[in-house]
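These numbers come from a predicted model, not from an experiment.
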Amino acid sequence: MSGVSTHHRTSERPQSPSQGQPSPSEAAGIITCLRDKSIDELRKLLTDKEAYNAFFNSLDQVKIQNNLRDELRKETLQLARENLEKEPRIQELKNQCTIIRTTELAAAHEKLAELERQKEETLKSYSPASLLQKLHVAMNRVEEESEMLHRQLLDKEIDLQTFIQKYKKLRTVYHKRALFHLAAKTSVC
């Protein structure tokens, strides 16, 4: 019976960090306290849980540990109160970050959309079809200039020598562009 009850009580006792056993100096202090007790008082400690708890809580080591625990509890509660006081400010800062992030993100999306639109326009203007169209327009412009020059000759607005020089240059440009246009059109299609 005493073996079972002793095992039960030791499991309820807080143990020191060194392998669950009190240090030699702690043990000596406890033994000194127990040595002063009578046999009836010792039996009562073994059988009466309240008497055991009263004795246990009267030990200096236990009082020190209880005081430390109480101080830590007070400090923890104080820190928790301080953290709770900071909660509205933290929430306000989170909201501000969300607003800033959202507005910056919207501006970045707008800028990205504008840049993508510009890229598409640039790519479109350099597409094979667009380049062929530009080359065709340039050919037609030179053709029109050649015709205007021919009319000027017929209307005697320019002399034959000037006409031949200018006309030869215009027709050379026209035929180069026509060849490029034909080659490009053949390779694209």
Side-chain angles (χ1 to χ4, degrees), residues 11-12 14-21 23 61-189:
S11 66
E12 292 176 357
Q15 312 223 328
S16 69
S18 60
Q19 307 295 322
Q21 300 294 320
S23 70
Q61 296 89 342
V62 174
K63 288 179 183 177
I64 291 169
Q65 291 299 317
N66 286 341
N67 286 340
L68 284 173
R69 183 198 63 218
D70 291 344
E71 285 178 33
L72 287 173
R73 185 178 292 148
K74 285 178 188 175
E75 289 176 14
T76 303
L77 286 172
Q78 181 59 34
L79 288 173
R81 280 188 206 100
E82 289 173 7
N83 286 343
L84 287 174
E85 289 172 2
K86 293 175 184 174
E87 187 67 28
R89 179 68 178 144
I90 291 170
Q91 191 58 43
E92 179 185 336
L93 291 172
K94 280 183 182 178
N95 291 341
Q96 288 176 2
C97 286
T98 302
I99 291 168
I100 290 169
R101 194 177 311 123
T102 303
T103 52
E104 286 180 1
L105 185 62
H109 277 294
E110 286 179 26
K111 181 70 174 171
L112 178 64
E114 174 61 24
L115 290 172
E116 285 179 349
R117 187 189 59 74
Q118 288 175 4
K119 179 186 94 173
E120 289 301 319
E121 286 178 13
T122 303
L123 288 176
K124 195 184 294 181
S125 71
Y126 290 104
S127 71
S130 176
L131 292 174
L132 276 173
Q133 177 63 27
K134 288 177 183 176
L135 189 56
H136 186 70
V137 167
M139 279 174 41
N140 289 341
R141 196 176 332 115
V142 172
E143 179 70 23
E144 289 172 9
E145 286 179 37
S146 297
E147 287 179 19
M148 282 179 37
L149 192 64
H150 187 251
R151 270 187 245 120
Q152 286 176 345
L153 177 66
L154 294 175
D155 292 342
K156 299 190 185 215
E157 293 176 9
I158 58 169
D159 63 282
L160 184 61
Q161 187 65 26
T162 307
F163 170 77
I164 292 173
Q165 279 181 332
K166 289 184 178 182
Y167 192 77
K168 184 178 171 184
K169 286 180 185 176
L170 286 173
R171 296 314 292 168
T172 303
V173 169
Y174 173 82
H175 288 292
K176 280 184 183 178
R177 289 180 181 171
L179 286 173
F180 282 137
H181 185 265
L182 182 62
K185 198 171 181 181
T186 305
S187 66
V188 169
C189 296

Side chain to side chain contact (heavy atoms under 4.5 Å, CB included) partners of I164, counting only residues at least two apart: L160
field: Qualifying residues under side chain to side chain contact (heavy atoms under 4.5 Å, CB included), relative to E121, sequence neighbours excluded
entry: R117
Can you tell me how far the [atom1] atom of [X] sits from the [atom2] atom of [Y], to the nearest 0.5 Å?
{"X": "K166", "Y": "L153", "atom1": "NZ", "atom2": "CG", "answer": "12.0 Å"}
{"X": "L149", "Y": "I158", "atom1": "CG", "atom2": "CD1", "answer": "4.0 Å"}
{"X": "L77", "Y": "L84", "atom1": "CG", "atom2": "CG", "answer": "10.5 Å"}

N/O donor-acceptor pairs under 3.5 Å from side chains in residues 102-113, not counting sequence neighbours:
| residue | atom | partner | partner atom | Å |
| --- | --- | --- | --- | --- |
| T102 | OG1 | T98 | O | 2.6 |
| T103 | OG1 | I99 | O | 3.0 |
| T103 | OG1 | I100 | O | 3.0 |

Would you give me the side-chain donor-acceptor pairs under 3.5 Å for residues 132-144, sequence neighbours excluded?
| residue | atom | partner | partner atom | Å |
| --- | --- | --- | --- | --- |
| K134 | NZ | S125 | O | 3.2 |
| H136 | NE2 | N140 | ND2 | 3.4 |
| E143 | OE1 | R171 | NH1 | 2.8 |
| E143 | OE1 | R171 | NH2 | 3.4 |

Hey, does [Y] have a side-chain heavy atom less than 4.5 Å from the side chain of [X]?
{"X": "I64", "Y": "Q61", "result": "no"}
{"X": "E75", "Y": "L72", "result": "yes"}
{"X": "K169", "Y": "V173", "result": "no"}

- request: Sequence neighbours left out, what passes side chain to side chain donor-acceptor pair (under 3.5 Å) with Q118? Give chain and number order.
  value: E114
- prompt: What residues, two or more places apart in sequence or in another chain, satisfy ring pair (Phe, Tyr, Trp, His ring centres under 6.0 Å) together with F163?
  reply: Y167
- prompt: Which residue pairs pass the side chain to side chain donor-acceptor pair (under 3.5 Å) test when at least one of the two sits in residues 147-161, sequence neighbours left out?
  reply: D159-T162
task: Sort and list the pairs that fulfil side chain to side chain donor-acceptor pair (under 3.5 Å) and have at least one residue in residues 172-182, not counting sequence neighbours.
output: none
For [X], what residues pass the salt bridge (charged side-chain N to carboxylate O under 4.0 Å, His left out) criterion, not counting sequence neighbours?
{"X": "E71", "answer": "none"}
{"X": "E120", "answer": "none"}
{"X": "R101", "answer": "none"}

message: Considering only residues two or more places apart or on different chains, which pairs with a residue in residues 77-88 satisfy salt bridge (Lys or Arg N to Asp or Glu O under 4.0 Å)?
response: none
